[in-house]
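Just so you know, these numbers use all the heavy atoms, side chains as well, and skip hydrogens, waters and symmetry mates. Note that the numbering runs from 1 along the sequence shown for the chain.
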Amino acid sequence: MGDILYGDAIHIREQAKIDAARTTQKSGNELRGAQTALQQFSASLSNKRAMDAAGKNIGVITENIGRSLDASATGAFSSRIAAAEQAGAAAAMAASAGVGGSSVESYNETSRLSQALADEQRDRQVNSQNIAMSESRGATLTDAVAGMDNNVYRASIDYTQFVDHQKTSTFSKLATLGVAAAATYFGGPQAGMAVVGMHEAGAAANNGDFASAAGSVMGALGNAAGAAKSYQETGGHYWSAAKQKSGTAASWAEVPALAALPDVWSVRPAYGSISVK
């Protein structure tokens, strides 16, 4: 009788729960979405700063490599000029002293070998410096990439779907009461309760409460079995007829499902006669 008597109130209560769940779900999804967006922005900003810093360091290292090559070229050129000047001065001194050409040639060859050795040493030193700076440049870029935040941030969205509570129509309730009254007239109180039980089962199933629906169906089947047994015990007579035969007036109050109705009904002693106040 819960759905028949209190169906509207139950519908308001259950629908309010569903609406509240939807509101909570929406708020939670928005919060998690905002948190994820913040994480993504923070990761992007951090990665950009790391790459900017790495770019500056690489630029400095590249500039140092250029300066080293420039200094090496300038030093080599200056060294050759100095060697040429020295060779010219030595030749002039040898000529003024009357030294032969073979001695001058030997001196020049020694000077050239010394210059070549100095150039080789300078080139090796510059190359070593450039290799070290190139390795540092590569390591700077590698470290920057390795330190980037490559995590994939996804919001934990709740995709639960909430179904609105189904309200039983007034016509269905009144029809159930009418059928229950007729069933009670012919089969007794348990027959009426069986009709009401099936109505309650249908209302529960429509809202996904299959446990309650199953319980109502089992109760209805039990009442139906009891009504059938009562029908057999009366020798196949209607319940109302059996009541009259026994001299006991049938009353709606004997039917728990109908006796619980609000006091807008008045029941007369003769079964089956109802008047509305």
Side-chain angles (χ1 to χ4, degrees), residues 16-94 104-164:
K17 291 180 181 179
I18 293 172
D19 292 340
R22 285 173 176 160
T23 301
T24 302
Q25 179 193 47
K26 181 181 178 182
S27 300
N29 287 341
E30 290 176 352
L31 174 61
R32 288 186 288 272
Q35 291 174 337
T36 301
L38 178 59
Q39 288 176 322
Q40 293 173 341
F41 174 77
S42 298
S44 176
L45 182 61
S46 176
N47 291 340
K48 183 179 182 303
R49 288 176 175 174
M51 294 306 296
D52 288 345
K56 290 180 180 179
N57 290 336
I58 291 173
V60 171
I61 294 173
T62 302
E63 184 178 354
N64 290 336
I65 292 175
R67 288 177 178 176
S68 176
L69 292 173
D70 182 67
S72 175
T74 301
F77 183 71
S78 299
S79 177
R80 288 190 179 93
I81 291 177
E85 291 177 348
Q86 187 176 2
M93 291 177 62
V104 173
E105 184 64 26
S106 176
Y107 176 81
N108 290 337
E109 183 65 23
T110 302
S111 297
R112 283 194 295 270
L113 290 175
S114 298
Q115 182 62 39
L117 180 60
D119 290 344
E120 179 67 18
Q121 290 177 342
R122 184 171 49 254
D123 289 343
R124 286 178 179 274
Q125 183 179 5
V126 170
N127 288 336
S128 298
Q129 292 175 347
N130 290 341
I131 290 173
M133 286 187 289
S134 296
E135 290 177 349
S136 177
R137 180 172 57 183
T140 299
L141 181 59
T142 301
D143 292 342
V145 173
M148 293 181 66
D149 185 351
N150 296 314
N151 293 321
V152 178
Y153 296 100
R154 293 189 179 92
S156 179
I157 301 299
D158 182 1
Y159 294 100
T160 303
Q161 297 293 322
F162 296 97
V163 180
D164 288 334

- Working for side chain to side chain contact (heavy atoms under 4.5 Å, CB included), residues R32 and D158: CA-CA 10 Å; R32 288 186 288 272; D158 182 1; 3.8 Å; yes
- Query: Checking N29 side chain against I157 main chain: does a donor-acceptor pair fall under 3.5 Å?
  - Reply: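 No.
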- Task: Specify the closest pair of heavy atoms between A155 and T36, including all atoms of both residues, with the distance to one decimal.
- Result: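 Minimum heavy-atom separation between A155 and T36: CA-OG1, 3.2 Å.
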- Query: Looking at M133 and N64, what are the two nearest heavy atoms and their distance?
  - Reply: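 Heavy atoms only, the tightest pair is SD-CB, 3.6 Å.
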Distance in Å, [X] [atom1] paired with [Y] [atom2], rounded so as to fall on 0.5 Å steps:
| X | Y | atom1 | atom2 | value |
| --- | --- | --- | --- | --- |
| L141 | S136 | CG | OG | 11.5 Å |
| E30 | Q35 | CD | CD | 12.0 Å |
| Q40 | R154 | CD | CZ | 9.5 Å |

- Residues in side chain to side chain contact (heavy atoms under 4.5 Å, CB included) with A37, at least two apart?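 None.
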- Task: Check the surroundings of atom OH in Y153: do more than 12 heavy atoms from other residues, nucleotides or ligands lie under 6.0 Å from it?
- Result: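 Result for OH/Y153: enclosed.
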Please list every donor-acceptor pair under 3.5 Å in which a side-chain atom of residues 50-63 meets a protein atom from a residue at least two apart or in another chain.
unit_1	atom_1	unit_2	atom_2	d
D52	OD2	K48	NZ	3.1
N57	ND2	A53	O	3.4
T62	OG1	I58	O	2.8
T62	OG1	R137	NH1	2.9
E63	OE2	R67	NH2	2.6

- Message: As a quick check of understanding, evaluate side chain to side chain contact (heavy atoms under 4.5 Å, CB included) for S27 and L31, giving each step before the final call.
- Response: CA-CA 6 Å; S27 300; L31 174 61; over 6 Å; no
Which pairs of donor and acceptor atoms, one on a side chain in residues 16-23, lie under 3.5 Å apart (sequence neighbours left out)?
unit_1	atom_1	unit_2	atom_2	d
D19	OD1	Q15	NE2	3.1
R22	NH1	D164	OD1	2.7
R22	NH2	F162	O	2.6
R22	NH2	D164	OD1	2.8
T23	OG1	D19	O	3.0

